[in-house]
2 protein chains.
Amino acid sequence: MTENDPRPTLEEVAALAGTSRATASRVVNQSPKVSPSARAAVERAINELGYAPNRAARSLVTRRSDSIGLVVAESEERIFGEPFFASLVRGVSDALAGTDMQLVLLLNRSDQERSRVQRFLSTHVDGVLLVSAHAEEPLLHQLADGPIPAILAGRPLRPTSLPYVDVDNVSGAYQAVRHLVDGGRQRIATIAGPQDMAVGVDRLAGYRTAVDEAATSDEDLVVVGDFSTGSGERGAQELLERHPDIDAIFAASDLMAVGALQALERAGRKVPADVAVVGFDDSVVATTTRPQLTSVHQPISDMGRQMILRLREALEGPTLVPSATVLPTNLVRRGSS
Amino acid sequence: MTENDPRPTLEEVAALAGTSRATASRVVNQSPKVSPSARAAVERAINELGYAPNRAARSLVTRRSDSIGLVVAESEERIFGEPFFASLVRGVSDALAGTDMQLVLLLNRSDQERSRVQRFLSTHVDGVLLVSAHAEEPLLHQLADGPIPAILAGRPLRPTSLPYVDVDNVSGAYQAVRHLVDGGRQRIATIAGPQDMAVGVDRLAGYRTAVDEAATSDEDLVVVGDFSTGSGERGAQELLERHPDIDAIFAASDLMAVGALQALERAGRKVPADVAVVGFDDSVVATTTRPQLTSVHQPISDMGRQMILRLREALEGPTLVPSATVLPTNLVRRGSS
DNA sequence: GGAAGGCCTGAGAGCGCTCCCACAGCTGGT
DNA sequence: ACCAGCTGTGGGAGCGCTCTCAGGCCTTCC
């Protein structure tokens with residue numbers, strides 16, 4: 001029985017099954033209060049007609065949209081750069097499969113639209129995943145005060161009431177530096193990320209902890225970049241000028257590590273013989289340099305997956321949602337250290 | 001007047017404006033048949049109450065969802081790799097700003113869900129952007145036969161009735177090889193992409209055209225890879241064994257070019273002195289190798305933008321939608337050639 | 001001055017669904 | 001045998017919106 005009929009309605013299903021619309025609805029919504037026979041009849045009718053519920057009609061009465069918004073508040077290069085965005089989306093999507101929720105993407109719109117976002121969101125999505133690198137994103141505060149649940153990608157620089165999921169940047173940086181220490185490095189410098197992002201702060205904190213612990217040097221071998229290749233190159237150059245005797249550089253991003261590699265080569269330093277280099281992100285570029293880059297791997301897809309899990313907890317139950325979920329990072333050893 | 005009232009309805013707007021719900025609706029929907037005074041009153045009321053239409057209610061009656069689906073049928077590495085996915089999404093999102101359409105993301109779900117996709121799509125989205133690398137994607141045929149408009153990202157290997165937007169792979173490859181010819185290269189080999197993807201076929205075609213035109217050699221200096229670094233490395237190695245005298249390699253992806261660089265180095269060939277290398281994609285890795293990679297730039301964001309434009313044409317009007325929209329590519333010269 | 005036509009408006013139906021409520025048919029306790 | 005209680009069912013209202021239709025008012029033309 002192929003049906004030409006576009007979009008059968010619950011009413012038709014009920015008619016075919018010989019029940020009322022209400023009972024058919026109960027079957028669709030997995031209500032336990034349906035007799036086995038009625039359930040079977042309705043299920044048969046659903047299959048025969050190829051019925052799928054009309055989402056709009058359902059939303060109208062339930063006041064839920066069964067969709068969640070992935071909001072990217074800024075078009076930061078770091079966010080769209082590999083592997084972040086694609087990996088995150090993949091993880092989110094994985095976790096959403098099996099659910100009948102859909103993912104609505106909202107990239108940084110113009111500021112005037114931004115002001116309407118709060119209302120927009122509350123109309124169209126049941127929950128929000130917010131990706132925003134910088135501290136003073138107004139949307140963040142709107143969401144914190146608003147009625148719809150939201151989960152942040154990454155620790156916000158200032159504490160908020162919103163739960164976040166993050167990778168363990170502190171531990172990753174710590175592992176990287178420990179690895180350098182274990183390799184006998186004495187003067188370990190870092191090219192840190194921007195200090196107005198938690199990810200920059202955390203990676204620097206991990207570096208500091210490991211360096212202090214090793215007590216190899218008491219100077220401050222820190223320079224700050226912006227995660228880009230260019231800033232890494234300039235940073236490494238500056239480090240070499242100020243402290244010609246450094247024998248290792250921990251860069252807070254792979255791109256900055258690549259820049260450092262370039263600066264070191266120009267300065268005639270051999271990697272890893274003279275100076276060891278470790279990056280962070282474990283991105284594609286880590287395998288395309290020579291030597292290949294030792295780097296800290298971060299499970300971004302899992303971060304996406306966890307964000308959905310947390311959001312569903314917030315959506316469904318009275319369960320307390322953890323205010324922070326931190327996923328482990330691990331060092332991937334390659335030729336540069 | 002801050003309103004605590006969550007979600008004012010059209011009825012309330014109308015009441016405040018002193019009109020009927022119908023007139024308020026006309027104002028919201030920009031109907032011309034409203035008197036200036038009524039329009040002004042309703043607009044005032046809308047602002048005062050912070051009214052935003054309930055999408056579900058609207059969808060229910062208009063039978064449109066005002067959202068379009070971005071369907072990624074396979075989790076090909078190439079698609080999620082930088083810069084493709086993020087750039088495409090950014091372009092799509094740009095083109096959607098200003099519209100009140102929303103973007104719904106649908107990644108490759110399980111096969112069993114796949115079978116329901118057609119129905120799912122017709123329920124929930126007004127149009128589809130389909131990203132699918134391989135030829136025999138069943139969804140492609142479903143969409144071609146189905147009622148909802150769809151636009152493909154990239155030329156399908158076999159012609160379909162669906163319009164597509166693509167970057168000019170043929171021309172890009174042609175330019176790359178012409179550049180090598182102009183640089184005096186005599187024996188130009190290529191590491192082609194998979195021949196079951198149009199992108200692989202087209203880039204090889206561009207190579208062949210340029211090589212034939214230059215008539216520098218009549219041998220077939222072609223080896224096939226899968227766009228990955230590893231396959232590029234193996235491919236270059238094979239080329240060097242079979243044709244030790246090659247003086248240039250055009251790789252159909254940057255990652256394969258990176259692999260080629262590695263193979264060439266191992267073989268003791270200098271780049272670009274002994275062998276010139278050109279890649280394709282102009283991705284981040286092109287700037288992280290040494291020497292940096294000459295590569296063909298492809299406007300992926302614009303592709304996303306154009307896809308939306310085509311889709312809206314298909315959605316809105318009786319306008320004929322071009323069956324193909326091809327965007328120019330251009331060569332970015334760097335150190336490797 | 002009256003009919004014809006224009007413009008704007010409001011009443012009302014209904015999109016497909018969920019959920020409240022009433023009630024039919026059983027069981028089981030007294 | 002009677003009432004309580006429980007389970008499963010259907011009727012019906014109504015979510016917020018759009019759109020058709022009828023009609024009121026005002027202009028315009030004969």
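Since the model is a prediction, treat every value here as computed from it, not as a measurement. In what follows, chains are A, B, ... by sequence order, proteins preceding strands, each numbered from 1.
Comparing C:dG10, D:dC17, D:dG10 by their nearest atom to the side chain of B:Ala57 picks out D:dC17. Picking from C:dG10, C:dC17, C:dG14 the nucleotide with the shortest atom distance to the side chain of B:Val61 gives C:dG14. Checking D:dG16, D:dT18, C:dA11 against the side-chain heavy atoms of B:Ala22 singles out C:dA11 as nearest. The B:Ser25 side chain lies nearest to D:dT18 when the options are D:dT9, D:dG10, D:dT18. The listed nucleotides are D:dC17, D:dT9, D:dG16; the one nearest the side chain of B:Leu60 is D:dG16. Nearest to the side-chain atoms of A:Thr62 among the listed nucleotides C:dT18, C:dT9, C:dA13 stands C:dT18. The side chain of B:Ser20 has C:dG10 as its nearest neighbour among D:dG10, C:dG10, C:dT9. In the set C:dG16, D:dG10, D:dC17, the nucleotide with an atom closest to the side chain of A:Thr9 is C:dG16. Comparing C:dT9, C:dC17, D:dT9 against the side chain of A:Val34 picks out D:dT9 as the nearest.
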| request: Tell me, with the steps shown, if A:Arg305 and A:Asp94 meet salt bridge (Lys or Arg N to Asp or Glu O under 4.0 Å). | output: CA-CA 7 Å; A:Arg305 237 169 260 128; A:Asp94 277 2; 3.1 Å; yes
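Put simply, CZ on B:Arg21 is 11 Å from C1' on D:dC19, counting in whole angstrom units. The interatomic distance linking A:Lys33 (NZ) with C:dA24 (P) rounds to 18 Å, in whole Å. Rounded to whole angstrom, the span from the CD atom of B:Glu11 across to the P atom of D:dC17 amounts to 9 Å. The CD1-P distance, from A:Ile46 to C:dC17, rounds to 10 Å in whole Å. Distance, B:Arg55 CZ to D:dT18 C1': 16 Å, rounded to whole Å. Distance, A:Arg63 CZ to C:dC17 P: 18 Å, rounded to whole Å. Going from atom CZ of B:Arg58 over to atom P of C:dG14 covers 22 Å, rounded to whole Å. Rounded to an integer number of Å, the gap from A:Gln30 CD to C:dC19 P is 14 Å.
With no hydrogens or angles considered, no side-chain donor-acceptor pair links A:Arg64 and A:Ser59 at under 3.5 Å.
Between atom CE of residue B:Met101 and atom CD1 of residue B:Ile68 there is a gap of 7.5 Å, rounded to the nearest 0.5 Å. Rounded to the nearest 0.5 angstrom, A:Arg312 CZ and A:Asp126 CG are separated by 12.0 Å. Rounding to the nearest 0.5 angstrom, the gap separating the OG atom in B:Ser67 from the CG atom in A:Leu105 is 12.5 Å. Atoms CG and OG, on B:Leu103 and B:Ser93 in that order, are 6.5 Å from each other to the nearest 0.5 Å.
Within 4.0 Å of B:Val28, counting heavy atoms only, lies no atom of the nucleic acid at all. Within 4.0 Å (heavy atoms only), A:Ala38 reaches sugar-phosphate atoms of the nucleic acid but no base atom. Among the heavy atoms of the strands, none lies under 4.0 Å from B:Ser59.
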| field | Protein-to-nucleotide contact annotation, 5' to 3' order, nucleotides 23-28 of chain D [B base; S sugar-phosphate only; - none; under 4.0 Å, heavy atom] | value | ------
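Between B:Ser35 and C:dT9 there is a side-chain N or O to OP1 or OP2 distance below 4.0 Å.
When each of B:Ser37 and A:Asn54 is assigned the nucleotide of DNA chain C with its nearest heavy atom, B:Ser37 is the one assigned upstream, toward the 5' end.
Using a 4.5 Å heavy-atom cutoff, the side chains of A:Phe85 and B:Val89 are in contact.
With B:Leu143 as the partner, the side chain to side chain contact (heavy atoms under 4.5 Å, CB included) test is satisfied by one option alone out of B:Val71, B:Thr160, B:Val128: B:Val128.
A donor N or O paired with an acceptor N or O is found under 3.5 Å between the base of C:dG10 and the side-chain atoms of B:Arg26.
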